[in-house]
Protein chains: 2
Amino acid sequence: MRKKKPGPQRRSGCPLNASVEMLGDRWSLLIIRDMMLLGFRTYKEFLHSYEGIATNILADRLRKLEAHGIIATKRDPADGRKLIYSLTPKGIDLAPVLTEMVLWAAAHEDTGNPALVRQMKKNKERFLAAVRRRWAGKPIRATAD
Amino acid sequence: MRKKKPGPQRRSGCPLNASVEMLGDRWSLLIIRDMMLLGFRTYKEFLHSYEGIATNILADRLRKLEAHGIIATKRDPADGRKLIYSLTPKGIDLAPVLTEMVLWAAAHEDTGNPALVRQMKKNKERFLAAVRRRWAGKPIRATAD
DNA sequence: TATTTTAACTTGCATTTCACAAGTAAGATG
DNA sequence: CATCTTACTTGTGAAATGCAAGTTAAAATA
């Protein structure tokens with residue numbers, strides 16, 4: 001895995017800024033959540049996710065996530081209409097970020113999904129291992145590289 | 001600490017969605033970074049931060065962060081013009097989120113500040129403890145409550 | 001094989017947010 | 001009291017967002 005690429009002009013070299021420029025919007029992390037925790041893999045599934053993303057925004061975010069090497073796309077061999085989206089290793093590595101964001105909100109806001117939160121809180125490492133195991137072998141080679 | 005408030009209408013009850021609605025933009029987390037890691041406390045300092053936020057956006061973000069109870073504001077007793085912004089306990093609790101975002105970007109992108117990254121990577125817990133210690137006692141009572 | 005469905009988009013348009021520049025009010029400074 | 005600072009607000013154009021409708025290629029159906 002060639003870890004680092006020069007990248008386009010960023011506002012700054014700060015790693016947090018890099019994360020924010022890739023993920024700092026109202027939809028990207030929710031799409032990654034849907035893939036990581038709910039196993040969503042197709043456009044239609046994302047589109048019908050609870051929060052209700054607009055079709056043009058979804059297409060744009062999928063494009064950008066793929067351009068950043070966070071997700072990968074391939075055609076479904078069984079159905080030529082479908083594209084199958086999956087997390088790359090880079091995308092899977094976002095599991096700790098999602099976990100901390102979930103735990104933070106659960107600690108300070110009135111939120112739902114107590115089962116997930118309980119599981120994450122009870123044993124963070126075990127939860128992260130489960131995500132990685134579920135995705136082991138599955139990621140497709142990223143096209144953007 | 002009254003942990004949870006009913007909160008306004010959200011797109012969904014998912015804790016990740018709650019986090020994204022509060023922090024999912026291109027500036028909020030950078031402001032928190034400036035407070036947490038660089039010790040910035042005034043409008044002017046934020047304004048002159050490296051990435052160069054616009055004044056109206058900064059005012060808007062500070063307002064929203066305060067409304068969410070993430071930061072608190074009080075007047076500088078020594079200079080009546082100045083407002084002193086500080087992290088609330090809720091804001092300090094974002095340290096693990098920032099840490100994971102920094103480590104993720106540092107692992108997968110070409111970024112700067114290797115000293116910070118090294119420190120975070122070497123001992124995450126020690127780093128988080130240092131942030132908490134630095135802010136111990138300092139947070140001001142949140143006005144938004 | 002012709003027709004209808006389905007999946008994954010694109011396009012158009014109104015609304016909201018953002019970025020940049022300039023202006024303002026209250027408090028400090030000389 | 002004139003000037004400077006600090007923390008903003010306001011105005012304006014550009015960009016992003018949200019919603020509805022349309023498009024294309026492949027698959028399912030009649």
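Note: hydrogens, waters and symmetry copies are ignored here, and every other heavy atom, side chains too, is used. Just so we're on the same page: letters track the sequence lines, and every chain starts at 1. Source: prediction; values computed, not measured.
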> Contact class for B/Arg61 vs. all strands (heavy atom < 4.0 Å): base, sugar-phosphate, or nothing?
Replying inline: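 Sugar-phosphate contact only.
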>> Does B/Arg63 reach a base, just sugar-phosphate, or nothing at all? Heavy atoms under 4.0 Å.
In response: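 Contact class for B/Arg63: sugar-phosphate only.
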> Taking for each residue the nucleotide of DNA chain D with the nearest heavy atom, is it A/Arg81 or A/Asn56 whose nucleotide lies nearer the 5' end?
Replying inline: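 Looking at the nearest nucleotide for each, A/Asn56 comes out on the 5' side.
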> Between B/Thr55 and B/Lys44, who's closer to the 5' end of DNA chain D by nearest nucleotide?
Replying inline: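 In this pair, the answer is B/Lys44.
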Round to the nearest Å and state the distance from [X] atom [atom1] to [N] atom [atom2].
X       : N      : atom1 : atom2 : value
B/Asp76 : C/dG27 : CG    : C1'   : 12 Å
B/Asp25 : D/dT17 : CG    : C1'   : 14 Å
A/Lys74 : C/dA8  : NZ    : P     : 14 Å
A/Arg26 : C/dT16 : CZ    : P     : 14 Å
B/Ile53 : D/dT9  : CD1   : C1'   : 15 Å
B/Trp27 : D/dA16 : CH2   : P     : 14 Å
B/Leu47 : D/dT5  : CG    : C1'   : 13 Å
A/Leu58 : D/dG18 : CG    : C1'   : 13 Å

> Transitively linked via ILVMFWY side-chain contacts under 4.5 Å: B/Leu38 with B/Leu128?
Replying inline: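 Same cluster.
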Measure the spacing between [atom1] of [X] and [atom2] of [Y] and express it to the nearest 0.5 Å.
X        : Y       : atom1 : atom2 : answer
B/Met120 : B/Leu98 : CE    : CG    : 6.5 Å
B/Met36  : B/Leu29 : CE    : CG    : 9.0 Å
A/Asp76  : A/Arg41 : CG    : CZ    : 10.5 Å

> Does NZ or CZ of B/Arg33 come closer than 6.0 Å to the centre of the six-membered ring of B/Trp27, within 45° of the ring's axis?
Replying inline: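 No, a cation-pi geometry is absent between B/Arg33 and B/Trp27.
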> Given D/dA27, C/dG27, D/dC8, which nucleotide is nearest the side-chain atoms of B/Asp79?
Replying inline: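 The nucleotide sitting nearest to the side chain is C/dG27.
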> Quick one: the side chain of B/Thr42 and the base of D/dT6, do they pair up donor-acceptor inside 3.5 Å?
Replying inline: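 Under the 3.5 Å cut-off, the side chain and the base do not form any donor-acceptor pair.
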